[in-house]
S.K.: 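The structure follows.
The shown structure was predicted, so the numbers you read here are calculated from the model rather than taken from an experiment. Here is the naming used below: chain letters follow the sequence lines, and residue numbers restart at 1 for every chain.
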Number of protein chains: 2
Amino acid sequence: MNEILPNISIDNAIFGFANGELKILLIKRDKQPELDRWSLPGGYVYYNENMDDASRRLLHELTGISNLFLSRVDVFGDTDRYPDRRVISVLYCALVKPEQFELLAGAHAKKVKWFEVKGIKKLPFDHNNMIDTALSWLRDEIWRKPVLINLLPEKFPLNQMHDLFQAFLHETIDNRNFRKKVISQELVERLNEKTTGGKQRPAYLYRLKRK
Amino acid sequence: MNEILPNISIDNAIFGFANGELKILLIKRDKQPELDRWSLPGGYVYYNENMDDASRRLLHELTGISNLFLSRVDVFGDTDRYPDRRVISVLYCALVKPEQFELLAGAHAKKVKWFEVKGIKKLPFDHNNMIDTALSWLRDEIWRKPVLINLLPEKFPLNQMHDLFQAFLHETIDNRNFRKKVISQELVERLNEKTTGGKQRPAYLYRLKRK
DNA sequence: CCAAAAGTGTTCAGCATACACCCATGC
DNA sequence: GCATGGGTGTATGCTGAACACTTTTGG
């Protein structure tokens with residue numbers, strides 16, 4: 001049977017990051033409640049579907065985005081968080097390059113669009129709270145888990161990763177200490193390849209470990 | 001309406017600790033599936049009931065225990081974790097004195113009993129995994145949250161807390177460093193009272209901060 | 001040989017650990 | 001006055017932060 005579970009939902013907080021700007025992906029709802037309002041892309045879980053799979057499927061259905069590294073963040077279970085009936089929601093998040101995906105409003109989404117995170121207005125349900133929670137989770141886990149994996153190519157020089165960290169965390173990080181830290185914590189591993197075609201000294205390429 | 005949500009459950013991992021022995025509270029199930037097997041006390045959430053309230057109510061109904069400091073640990077959502085139908089479960093845990101409570105097998109529990117954690121056999125569902133998860137969560141959070149609150153009286157001398165930490169973590173902890181740590185991290189606050197009636201020097205009493 | 005980015009090592013400070021003695025009371 | 005548990009301060013090592021110069025390539 002492929003029914004949905006009526007009391008369990010998934011919400012996805014997908015952050016887009018480019019040129020130091022942090023955006024959040026919202027869809028315009030095509031159904032009640034909160035018809036026509038912008039909200040996080042989410043929905044219900046199928047009976048035979050794991051949470052992780054549901055998160056992935058819903059994101060693809062609603063926005064056209066697929067093949068992401070998504071992380072489970074938390075569960076939101078207040079009795080009044082959803083007006084129509086009791087629904088608890090599991091929150092997932094990811095960090096991506098906005099220009100990398102062609103957005104396609106799918107089933108139950110009239111539109112899909114990136115919004116700047118600062119300046120976000122009140123969203124339906126507890127979605128503002130979810131965005132805050134996901135963002136602080138990301139800033140916290142960035143040193144432990146490969147949450148930047150969607151923002152980097154498979155192989156990259158360490159300085160590219162360094163630039164990303166600094167931009168995302170809004171702070172300058174000493175380059176030597178950065179290298180020592182990500183290597184000693186085994187966030188990355190060095191490959192036996194170097195960049196070519198650059199106009200300067202070639203750099204070793206690294207790869208994120210999925211852990 | 002006071003129906004249950006059929007696809008969301010709560011499980012409680014209640015650890016009993018006394019004389020250096022760690023026990024886990026199990027009930028003997030009085031219904032299918034897994035009739036007559038020992039498992040964690042858990043059950044379903046009511047439509048209008050918050051997760052925290054549900055955890056508390058179920059624990060009381062099944063075992064007679066009430067008025068505990070319970071913490072949410074994690075969510076278990078695999079499609080095959082429960083045989084009859086799809087159920088995701090939210091895990092709560094607590095640490096108590098086993099002798100403090102009179103165990104009363106209530107609705108849906110034929111018996112309630114403490115079992116030594118080491119030597120626990122295979123339990124139904126993913127309950128072994130839940131016990132492991134809860135235990136490492138506790139050992140991790142013990143320095144940050146008042147998880148020992150159910151094991152201590154409201155006011156206690158620091159050495160009593162020190163003994164508890166050592167026993168629970170199976171390690172000796174320097175007394176001076178212990179005092180410095182729990183005070184600087186604001187886990188406890190000192191009262192203007194001292195023990196009386198002891199046969200030695202009176203000790204200052206402390207209280208856990210709920211944070 | 002010059003420009004541009006890559007790569008590397010050492011010093012310093014702050015925090016957690018190790019450790020031993022004096023104190024207050026009851027008997 | 002002595003036995004019992006209560007209470008405190010200092011020296012040390014380690015980890016994380018600050019900091020500047022040399023290396024390699026392309027043009």
S.K.: Rounded to the nearest Å, what distance is computed from the CZ atom of residue A:R176 to the P atom of nucleotide D:dA20?
M.R.: 8 Å
S.K.: Once you round it to whole Å, what is the distance between P of C:dG9 and CD1 of A:I183?
M.R.: 11 Å
S.K.: Rounded to whole angstrom units, what separation is found between the CG atom of A:N175 and the C1' atom of C:dG9?
M.R.: 14 Å
S.K.: Between A:L158 and A:K199, which has a closest nucleotide on DNA chain C that is more 5'?
M.R.: A:K199
S.K.: Let's see if you can work this out: which of C:dG7, D:dG27, D:dT10 has an atom nearest to the side-chain heavy atoms of B:K180?
M.R.: D:dT10
S.K.: Please give, in whole Å, the distance from D:dT23 C1' to A:K194 NZ?
M.R.: 10 Å
S.K.: If we count only N and O atoms by modelled type, under 3.5 Å, do the side chains of A:N159 and A:R179 hold a donor and an acceptor together?
M.R.: yes
S.K.: Under the 6.0 Å and 45° cation-pi test, does A:R190 pair with A:Y204?
M.R.: yes
S.K.: So does B:I173 get a backbone contact from the side chain of B:Q166, meaning a donor-acceptor N/O pair under 3.5 Å?
M.R.: yes
S.K.: Whole angstrom is fine here: how far is it from CD in B:Q160 over to P in D:dG6?
M.R.: 10 Å
S.K.: Just so I know, are the side chains of A:K110 and A:R29 near enough to count as touching, which here means a heavy-atom distance under 4.5 Å?
M.R.: no
S.K.: Would you kindly give the CG-to-P distance between B:D174 and C:dC15, to the nearest whole Å?
M.R.: 19 Å
S.K.: Which of these nucleotides, C:dC19, C:dT25, D:dT8, is closest to any side-chain atom of B:P202?
M.R.: C:dT25
S.K.: Whole angstroms only, please: what is the OH-C1' distance between A:Y204 and D:dT25?
M.R.: 14 Å
S.K.: Select from B:L205 and B:Q200 the residue whose nearest nucleotide in DNA chain D is closer to the 5' end of that strand.
M.R.: B:Q200
S.K.: Out of D:dG7, C:dA6, C:dG9, which nucleotide sits closest to the side chain of A:A203?
M.R.: C:dA6
S.K.: I need the CZ-P distance between B:R179 and C:dT17, as an integer number of Å.
M.R.: 17 Å
S.K.: So if I apply the side-chain contact (heavy atoms from CB on, under 4.5 Å) rule between A:L26 and each of A:I14, A:T63, A:L40, which one comes out positive?
M.R.: A:L40
S.K.: Does B:N177 make a side-chain N or O approach to OP1 or OP2 of C:dA16 shorter than 4.0 Å?
M.R.: no
S.K.: What does A:K181 touch in the nucleic acid at a heavy-atom separation under 4.0 angstrom: a base, only the sugar-phosphate, or nothing?
M.R.: nothing
